[in-house]
Undergrad: 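I have a structure I would like to understand better, so I am pasting it below and will then ask my questions one at a time.
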Amino acid sequence: MAERLAEIGDEEAQQRADSLRASLADYDLDDEDRLLLQELTSGEIPAGETGAPPVLAIVGRPNVGKSTLINRILGRREAVVEDVPGVTRDRVSYHAEWNGRKITLVDTGGWDIDVRGMASRIAEQSEIAVELADAVVLVVDSRTGVTATEEHIVKMLRRAKKPIILAANKVDDERGELAAAELWALGLGEPHPVSAMHGRGVADLLDEVLTVLPEYSRVEQMVEEGGPRRVALVGRPNVGKSSLLNRLAGAQRVIVEDFAGTTRDPVDELVELGGRQWRFVDTAGIRKRARQASGADFYAALRTQTAIERAEVAVVLLEANETLSEQDVRIIKTVTESGRALVLAFNKWDLTDEERRWNLGREIEKDLAHVAWAPRVNLSAATGRHADRLVPAMDRALAGWDSRIPTGRFNAFLGELVAANPHPLRGGKQPRILFGTQVSNRPPKFVLFTTGFLDPGYRRFITRRLRETFDFTGTPIELSMRIREKRKRK
Ligand code: GDP
Ligand code: GDP
């Protein structure tokens, strides 16, 4: 494939792509399609999003209705799972959209059953979530009113100095409004009466929330282009994150404090590696032991997720000497879902023997087949073995993440691919790919205009061939379809 593609000149490929694009005029396109095609003629592939959506923390005592409210905002019931003691939740944050604006919701509820009933501890639990948020919704059960826990939470919120919206929940009908009004006493301004269960007032609450949220998160802020590349060093506790950071950074560390301008946590470090500066995000989260045993899962998961979203490349540290765990796989999934470049680093290599290395190979084939494209490094933070291979691996992953395939080349690729392996016939019909283009990088995203639905298997095939043909080492890639019908003749 690569050879055949090489025979097609750039100019020729571009001309062919132009005529394919022109033929789209015969199809029913919507405004968004036209905008996309228009941007293309300017010859530029737009860069990926430069800002992360603002983060909203939902805090409050257990049972006030936080999960119900989040589910209501997300518009689906199963989003936030019921609390099961001893079971770690998959996620702490959810992507929501309101009036066309994206918001990341952080749920602070239900993480630690033990903590229930202890007013001050509950306030403490939500503190990190608040530090990592742009604004806060405090949910109060208007039927119960203000308890000692609310008083503790309010004190904590005052220190955090983030915008606060007060939600008076369980106001299922007009009769409840009076009770809601009593929450003025908290001194947080107007209580917004809502019924998370029935949806009453939730739209008004969200409208209010949007007025206090910044356009892009100041907490999960993506630092300006051209600065040092941002790395998240993540992995489950005890895999050796802090040992590796010490090994890499040595004595020359520059701590970038106060980047969010509001809180001390988290903290980034500038580390010089391979003659260049790299920005390791939230190193405080790596260096500090999780605050306390209770709720540690919550802190760890929240910090991991936030660090990944603020980074460009995630180095997921795994323990070479231990069986891959569900938690490892979950962290990797967070990276791919966030669309970040990925490097897998197997630490504690010094502890492995031949048998273990053989088994590890099998585990990688079985559990990590979906990220076979990620560069892997086997290293030891303790001895320093192969620590110098990390930089080339990060460079490769970032190069894949940054890459842009010219529209001409991409369509030549599609043409060759379809000619050799056409889509299987479906009921006598065969969906055709009319035209394709990369719509953004970081990570690379592609859109195909087609005349019908492409089988998931066929889309996977295209993705696989894309990886083989162009170098997408270390980056997730996204391929989506826009099915368009031929315009009816008038
Ligand atoms: P969390 O612990 O703060 O996440 O609270 P949940 O969302 O789990 O809700 C606790 C209980 O309150 C559940 O039984 C919900 O069904 C109930 N609940 C939540 N919102 C409302 C509401 O607006 N009205 C009424 N009547 N009950 C609610
Ligand atoms: P973190 O919780 O991920 O930051 O892990 P630490 O850096 O605190 O390491 C946990 C433990 O693993 C410590 O006892 C380290 O000394 C040990 N450790 C870290 N890296 C290595 C390694 O490469 N080889 C060996 N043998 N031990 C290591």
Side-chain angles (χ1 to χ4, degrees), residues 58-74 77 79-84 89 105-113 115-117 122 125-126 137-144 149-150 153 167-173 175-176 179-180 192-202 205 233-249 280 282-290 296 299-300 303-304 307 315-322 327-328 331 345-353 356 377-387 390:
I58 312 284
V59 305
R61 206 160 49 72
N63 278 316
V64 294
K66 297 184 295 299
S67 307
T68 310
L69 180 63
I70 289 175
N71 281 333
R72 168 67 55 187
I73 298 171
L74 294 174
R77 298 208 130 265
V80 180
V81 293
E82 287 301 310
D83 307 339
V84 183
R89 275 198 201 171
L105 299 173
V106 173
D107 178 18
T108 62
W111 278 82
D112 198 333
I113 304 294
V115 103
R116 295 207 167 172
I122 290 167
Q125 283 253 312
S126 356
V137 168
L138 170 62
V139 183
V140 180
D141 181 340
S142 62
R143 296 182 180 176
T144 317
T149 308
E150 272 81 19
I153 295 178
N169 192 31
K170 308 198 185 179
V171 180
D172 297 346
D173 51 35
R175 280 171 299 162
H192 295 79
V194 297
S195 168
M197 187 128 91
H198 303 299
R200 191 173 190 270
V202 173
L205 177 77
L233 180 57
V234 293
R236 62 188 155 97
N238 283 318
V239 289
K241 295 180 295 298
S242 99
S243 308
L244 181 62
L245 188 62
N246 284 334
R247 162 72 58 184
L248 295 172
F280 281 72
D282 190 19
T283 49
I286 299 173
R287 293 192 187 278
K288 252 189 247 161
R289 286 266 147 239
Y299 295 131
R303 289 203 104 129
T304 300
V315 175
V316 177
L317 210 55
L318 303 148
E319 199 144 339
N321 202 35
E322 281 179 22
Q327 201 180 348
D328 294 329
I331 292 171
F346 292 87
N347 189 34
K348 309 199 186 179
W349 202 256
D350 55 299
L351 299 179
T352 60
D353 58 18
R356 173 59 203 150
V377 184
N378 304 324
L379 49 77
S380 166
T383 68
R385 174 193 193 267
H386 286 176
L390 209 53

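We're numbering straight along the sequence, starting at 1. Fair warning: this is a prediction, and the values are worked out from it, not measured in the lab. Every number for a ligand or one of its atoms is a count from 1 in the order of the listing.
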Undergrad: Whether the side chain of H386 engages the backbone of N378 through a donor-acceptor N/O pair (distance < 3.5 Å, no angle test) should be reported.
TA: yes
Undergrad: Strictly under 4.0 Å, does any heavy atom of G60 approach an atom of ligand 1?
TA: no
Undergrad: Could you say whether the N/O atoms of G65 and ligand 1 ever approach to under 3.5 Å?
TA: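 Indeed, backbone or side chain, G65 has an N or O that close.
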Undergrad: Please list, in number order, the atoms of ligand 2 under 4.0 Å from a heavy atom of K241.
TA: 1 (P), 2 (O), 3 (O), 4 (O), 5 (O), 7 (O)
Undergrad: Quick one: does N347's side chain have a donor or acceptor within less than 3.5 Å of a partner on V239's backbone?
TA: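 At least one qualifying donor-acceptor pair exists.
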Undergrad: Any N or O on P62 sitting closer than 3.5 Å to an N or O of ligand 1?
TA: no
Undergrad: Do V171 and ligand 1 have an N or O pair less than 3.5 Å apart?
TA: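 N/O-N/O distance under 3.5 Å: no.
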Undergrad: So, regarding A381 and ligand 2 (criterion: nitrogen or oxygen to nitrogen or oxygen, under 3.5 Å), is there a contact or not?
TA: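 Such a contact does occur with ligand 2.
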Undergrad: Looking at K66 and D141, is there a salt bridge between them, counting it only when a charged N and a carboxylate O are closer than 4.0 Å?
TA: no
Undergrad: Any sub-3.5 Å donor-acceptor pair from K241's side-chain atoms to L317's backbone N or O?
TA: no
Undergrad: Should H198 be listed as contacting ligand 1, given a heavy-atom distance under 4.0 Å as the test?
TA: no
Undergrad: Specify side chain, backbone, both or neither for N169, according to which of its non-hydrogen atoms lie closer than 4.0 Å to ligand 1.
TA: side chain
Undergrad: Let me see the working for N321 and T352 under side-chain hydrogen bond (donor to acceptor under 3.5 Å, both in side chains), right down to the final yes or no.
TA: CA-CA 5 Å; N321 202 35; T352 60; 5.9 Å; no
Undergrad: Which residues pass the salt bridge (charged side-chain N to carboxylate O under 4.0 Å, His left out) test with R385, sequence neighbours left out?
TA: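 Counting only residues at least two positions away or on another chain, R385 forms no salt bridge (charged side-chain N to carboxylate O under 4.0 Å, His left out).
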Undergrad: Just by distance, do the side chain of R356 and the backbone of A320 share a donor-acceptor pair under 3.5 Å?
TA: yes
Undergrad: Closest by any non-hydrogen atom to atom 2 (O) of ligand 1: pick that one out of N63, T68, I58, V202.
TA: N63
Undergrad: Can you confirm, on distance only, whether ligand 2 has an N/O atom lying under 3.5 Å from any N/O atom belonging to L351?
TA: no
Undergrad: Between the side chain of R247 and the main-chain N/O of A381, is any donor-acceptor distance below 3.5 Å?
TA: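 At least one qualifying donor-acceptor pair exists.
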Undergrad: Which value, rounded to the nearest 0.5 Å, describes the distance between I58 atom CD1 and T68 atom OG1?
TA: 11.5 Å
Undergrad: Geometry only, no angles: is W349 polar-contacting ligand 2 at N/O separations under 3.5 Å?
TA: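 In fact, backbone or side chain, W349 has no N or O that close.
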Undergrad: Please list, chain by chain and in numerical order, all residues satisfying salt bridge (charged side-chain N to carboxylate O under 4.0 Å, His left out) with R236, sequence neighbours excluded.
TA: E322, D328
Undergrad: Of the listed options (S243, G384, A387), which comes nearest to atom 9 (O) of ligand 2 when hydrogens are ignored and any heavy atom counts?
TA: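 Result: the heavy atom closest to atom 9 (O) of ligand 2 is in S243.
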Undergrad: If the contact criterion is a heavy-atom separation under 4.0 Å, does R61 count as touching ligand 1?
TA: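 Yes, R61 has heavy atoms under 4.0 Å from ligand 1.
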Undergrad: Check whether any N or O atom of L379, backbone or side chain, sits under 3.5 Å from an N or O atom of ligand 2, and answer yes or no.
TA: no
Undergrad: What do we get for R72 next to ligand 1 when only non-hydrogen atoms under 4.0 Å count, side chain, backbone, both or neither?
TA: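 It is neither part, as no heavy atom is under 4.0 Å.
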Undergrad: Where's the contact between D172 and ligand 1, heavy-atom distance under 4.0 Å: side chain, backbone, both or neither?
TA: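 Near ligand 1, D172 shows its side chain, while the N, CA, C and O stay back.
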Undergrad: Taking N169 for the side chain and A196 for the main chain, is one N or O donor matched with an acceptor at less than 3.5 Å?
TA: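 Yes, because the side chain of N169 sits within donor-acceptor range (under 3.5 Å) of the backbone of A196.
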Undergrad: Can you check whether T383 has an N/O within less than 3.5 Å of an N/O in ligand 2?
TA: no
Undergrad: Please classify the V239 to ligand 2 contact at 4.0 Å (heavy-atom distances, strictly less than): side chain, backbone, both or neither.
TA: both
